[in-house]
Every structure is written in C-alpha cells, then in structure tokens.
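Read through the structure below, which is laid out as structure tokens, and then see the notes.
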Amino acid sequence: MEAELWKLDETSSTNLWLREHAGEKDMVVWTDFQTAGRGCGTNTWESERGLNLLFSMLYHPAALPAPEQFRISMAVALALRDELTRLGLTDITIKWPNDIYWRDSKIAGILIENRLHGALIQSSIIGIGLNVNQEVFLSDAPNPVSMKQITGRSYERESLLRSIVEAMERRLNNSDGLLEEYQQALYRRTGLHPYSDNDGDFEAELVCVKPDGHLVLRDTEGRERSYAFKEVAMKVKR
C-alpha cells in the first residue's frame, strides 16, 4: 500500500476531513464513526460505531482529462468487487454508477469528488462506506446488507481496509480493459427491469455504459434513452 494511512476515532466526514487537511501526497483516512456521513446528493449513510469501514482516499491521477473522470469511478467500483469476491462473497455486482450490490442488497457506496486544474483532474477524494460487521440497520435505507450478514463471519477492519486500498491502487494504475470489465460486472445487465425518470415509470434493458459514464437503456418500444447520473433511477426491492 503506497498511500499514507490515518485513523480518526470520529469525524464529521472523511471526505470533508481530506478536503481540509490533505496535502500533495496520496493518503487514506478512516474512522470509527462519522457524524455527518453522506452518500450522493442529500442521502445519508448509516453506520454503527466501530463496525464498518468508513474511509476516503486522496488520489492524484497522472494527466487524466476531465472528460475521462468516470475511469476513476469504474476502477474503484471494480476494486471493491475484486476484494469482496476474493474473500468469498459471490454475486457481487455494480449498480450504475458505483454502488456495490450483493444480489438485490447494497453493501457499499462510493462518493467521488474531483478537483480540476484546467482540462485535467488535479485530485480526487474517493469516499467509501462498506458495511462490514453491522447486523441491524435502523434507517429507512431500502436494502442494506453487511459482509457479516452474508457470511456469518466478523472481519478485522484495518487489514480489510489495507487490502481494499491495494486493490484500488492496482486498478487506478492499470486501466486496460476497464470499461469492458465494468459493463460485465453491472447489476441487472440482462433482461427488462423497472426504471423511473422525470417522465414517469418504464421498463427497459441495459444497452451499455458510455466511457463518459452515461447509461444507455432500451425501453419496451425499442427506443434508446441516454442518462447522466441522477437523471434516472433503477427501482430495487425493499
């Protein structure tokens, strides 16, 4: 693991901590508890103190053009899937753009904040919440699941964190074939499934994800629809 590792007992948000304290070196900060942990937009992330992995990595890409920033998202999602699969968890997929699913339940979320310098990505803060040892979820999140709920085992968090960060570093430093692997790993990548956009509910099949991250669906009338993040929602079981 090349990134420097910092541990905090508690913080408002590991992403926010990195924004306020990070320098020019790649580093990782993790914590037992976040007082203001969040997902994308206004979503919050439930995590019982000391049971899960809550961490953020500061990453400096090498001359990555801003239009290609989705490569970071794909690399990180695949790295999490790599590590969970290595640990024996089967049926791990990626729900577009970068939630990690076990079957129809969410085991991890990723929040990436990029900083630009001209036409290039200067740095990325990659925030991850992974449900590890929590057994009871009390929030109104529709479908959380933890590693312990799946396998019945408890996990030592720091060694798991180090393995995940090493997997992230490998993926971020070698992006060959990234888009093809990402598309093969997608949740509900075959068949018709329910979606919702500003015009209402519809059923569609997944056609592809473009290199810039846009999701392309084909509805039951054969019409292709292209969406940026947050423009469409996939309906999942509660």
Side-chain angles (χ1 to χ4, degrees), residues 1-60 72-73 75-77 79-84 86-87 89 92 97-102 105-115 123-141 143-151 153-172:
M1 180 175 140
E2 296 180 3
E4 184 179 357
L5 182 63
W6 287 62
K7 171 71 185 301
L8 307 173
D9 290 332
E10 179 177 307
T11 188
S12 60
S13 156
T14 53
N15 269 31
L16 178 59
W17 191 94
L18 273 182
R19 286 206 305 271
E20 294 177 345
H21 296 89
E24 296 305 314
K25 289 185 177 181
D26 288 357
M27 63 184 298
V28 175
V29 60
W30 67 297
T31 187
D32 284 333
F33 188 70
Q34 292 185 139
T35 58
R38 66 185 181 92
C40 294
T42 59
N43 296 337
T44 58
W45 185 264
E46 177 190 359
S47 181
E48 194 172 341
R49 183 183 294 272
L51 293 183
N52 301 317
L53 273 182
L54 307 168
F55 70 98
S56 297
M57 171 192 272
L58 176 67
Y59 167 63
H60 295 86
I72 298 172
S73 181
V76 173
L80 269 175
R81 182 175 182 266
D82 291 344
E83 188 58 20
L84 292 174
R86 186 188 70 80
L87 291 170
L89 282 76
I92 299 293
N98 54 21
D99 284 340
I100 307 301
Y101 266 49
W102 174 75
S105 297
K106 183 175 175 177
I107 194 170
I110 301 168
L111 176 64
I112 299 175
E113 300 173 289
N114 294 318
R115 184 179 177 186
S123 63
S124 293
I125 295 177
I126 302 161
I128 294 175
L130 172 63
N131 297 328
V132 181
N133 294 320
Q134 188 162 336
E135 296 184 83
V136 178
F137 292 89
L138 301 176
S139 76
D140 60 357
N143 57 344
V145 71
S146 71
M147 295 172 66
K148 186 171 184 179
Q149 287 177 320
I150 296 168
T151 67
R153 294 175 48 204
S154 294
Y155 296 85
E156 201 283 313
R157 291 180 301 142
E158 183 169 345
S159 61
L160 175 61
L161 170 63
R162 290 180 178 274
S163 295
I164 290 171
V165 171
E166 288 171 0
M168 289 168 61
E169 289 172 337
R170 286 193 298 271
R171 283 286 187 179
L172 288 165

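In this text the structure is predicted, and so the values were computed from the model without any measurement.
Checking S159 against Y155 by side-chain atom types alone, no donor-acceptor pair falls below 3.5 Å.
The structure places CG of L161 at 9.5 Å from CG of L130, a figure rounded to the nearest 0.5 Å. Rounding to the nearest 0.5 Å places CG of N143 at 11.5 Å from CD1 of I107. Atoms CD and CG, on E135 and L51 in that order, are 8.5 Å from each other to the nearest 0.5 Å. The CG atom of N98 lies 4.5 Å from the CD1 atom of I110; values are rounded to the nearest 0.5 Å. To the nearest 0.5 Å, atoms OG1 (T151) and CG (L87) are separated by 9.0 Å. The CD atom of E20 sits 9.0 Å away from atom OG of S13, with the distance rounded to the nearest 0.5 Å.
Two residues are said to be in side-chain contact when any heavy atoms from C-beta on lie closer than 4.5 Å; L160 and M147 meet this criterion. Taking 4.5 Å as the limit, some side-chain heavy atom of W30 sits within range of a side-chain heavy atom of L53. In this structure, L8 and W17 have side chains that are in contact, with non-hydrogen atoms separated by less than 4.5 Å. Side-chain contact check for R19 versus R115: every heavy-atom pair is 4.5 Å or farther apart. Within the 4.5 Å cutoff, side-chain heavy atoms of I126 are placed close to those of I72. Residues P144 and N131 have side chains in contact (heavy-atom distance under 4.5 Å, counting atoms from C-beta outward). For the pair I112/I125, no side-chain contact is recorded, criterion being any heavy-atom separation below 4.5 Å from C-beta on. Two residues are said to be in side-chain contact when any heavy atoms from C-beta on lie closer than 4.5 Å; L172 and Y59 meet this criterion.
Listed by chain and number, the residues in a side-chain contact (heavy atoms from CB on, under 4.5 Å) with F33 are E10, T35, R49 (sequence neighbours excluded). Qualifying side-chain hydrogen bond (donor to acceptor under 3.5 Å, both in side chains) partners for W102, counting only residues two or more places apart in sequence or in other chains: none. For R153, the salt bridge (charged side-chain N to carboxylate O under 4.0 Å, His left out) criterion is met by no residue, not counting sequence neighbours.
Closest approach of R86 and S163 over heavy atoms only: NH2-OG, 4.0 Å. Of all heavy-atom pairs spanning G129 and L54, the tightest one is CA-CD2, 4.2 Å. When every heavy atom of L138 is checked against every heavy atom of E46, the shortest pair comes out as N-OE2, 2.7 Å. When all heavy atoms are compared, the tightest approach of S73 to P97 is OG-O, 4.0 Å. Of all the heavy atoms in M57 and V165, the pair that sits closest is CE-CG1, 3.4 Å. For A79 against R171, the heavy-atom pair with the smallest separation is CB-CG, 3.8 Å.
With a 6.0 Å radius and a threshold of 12 heavy atoms from other residues, nucleotides or ligands, W6 has its CH2 atom at or below the threshold. Residue E24 places its CD atom among 12 or fewer non-hydrogen atoms of other residues, nucleotides or ligands, all under 6.0 Å distant.
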Test salt bridge (charged side-chain N to carboxylate O under 4.0 Å, His left out) applied to K25 and E4, step by step: CA-CA 8 Å; K25 289 185 177 181; E4 184 179 357; 5.4 Å; no

Derivation and outcome, side chain to side chain contact (heavy atoms under 4.5 Å, CB included), residues V29 and H21: CA-CA 10 Å; V29 60; H21 296 89; over 6 Å; no

M27 and L18: CA distance, side-chain angles, deciding distance, side chain to side chain contact (heavy atoms under 4.5 Å, CB included) verdict: CA-CA 9 Å; M27 63 184 298; L18 273 182; 3.7 Å; yes

H60 and L58: CA distance, side-chain angles, deciding distance, side chain to side chain contact (heavy atoms under 4.5 Å, CB included) verdict: CA-CA 7 Å; H60 295 86; L58 176 67; 3.6 Å; yes

Verdict with reasoning, S124 to N114, per side-chain hydrogen bond (donor to acceptor under 3.5 Å, both in side chains): CA-CA 4 Å; S124 293; N114 294 318; 2.4 Å; yes

D32 vs K7, salt bridge (charged side-chain N to carboxylate O under 4.0 Å, His left out): CA-CA, chis, key distance, verdict: CA-CA 8 Å; D32 284 333; K7 171 71 185 301; 3.4 Å; yes

Steps toward side chain to side chain contact (heavy atoms under 4.5 Å, CB included) verdict (F137, Q149): CA-CA 11 Å; F137 292 89; Q149 287 177 320; 3.5 Å; yes

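Remark: the backbone N or O of I164 is not paired with any side-chain donor or acceptor of E83 at under 3.5 angstrom. A donor-acceptor contact shorter than 3.5 Å is absent between the side chain of E48 and the backbone of Q134.
Each of N15, T11, N52, T14 was compared with Q34 under the side chain to side chain donor-acceptor pair (under 3.5 Å) criterion, and only T14 meets it.
Salt-bridge formation is not detected for the pair E166/R162: no Lys NZ or Arg NE/NH1/NH2 atom is positioned less than 4.0 Å from an Asp or Glu carboxylate oxygen.
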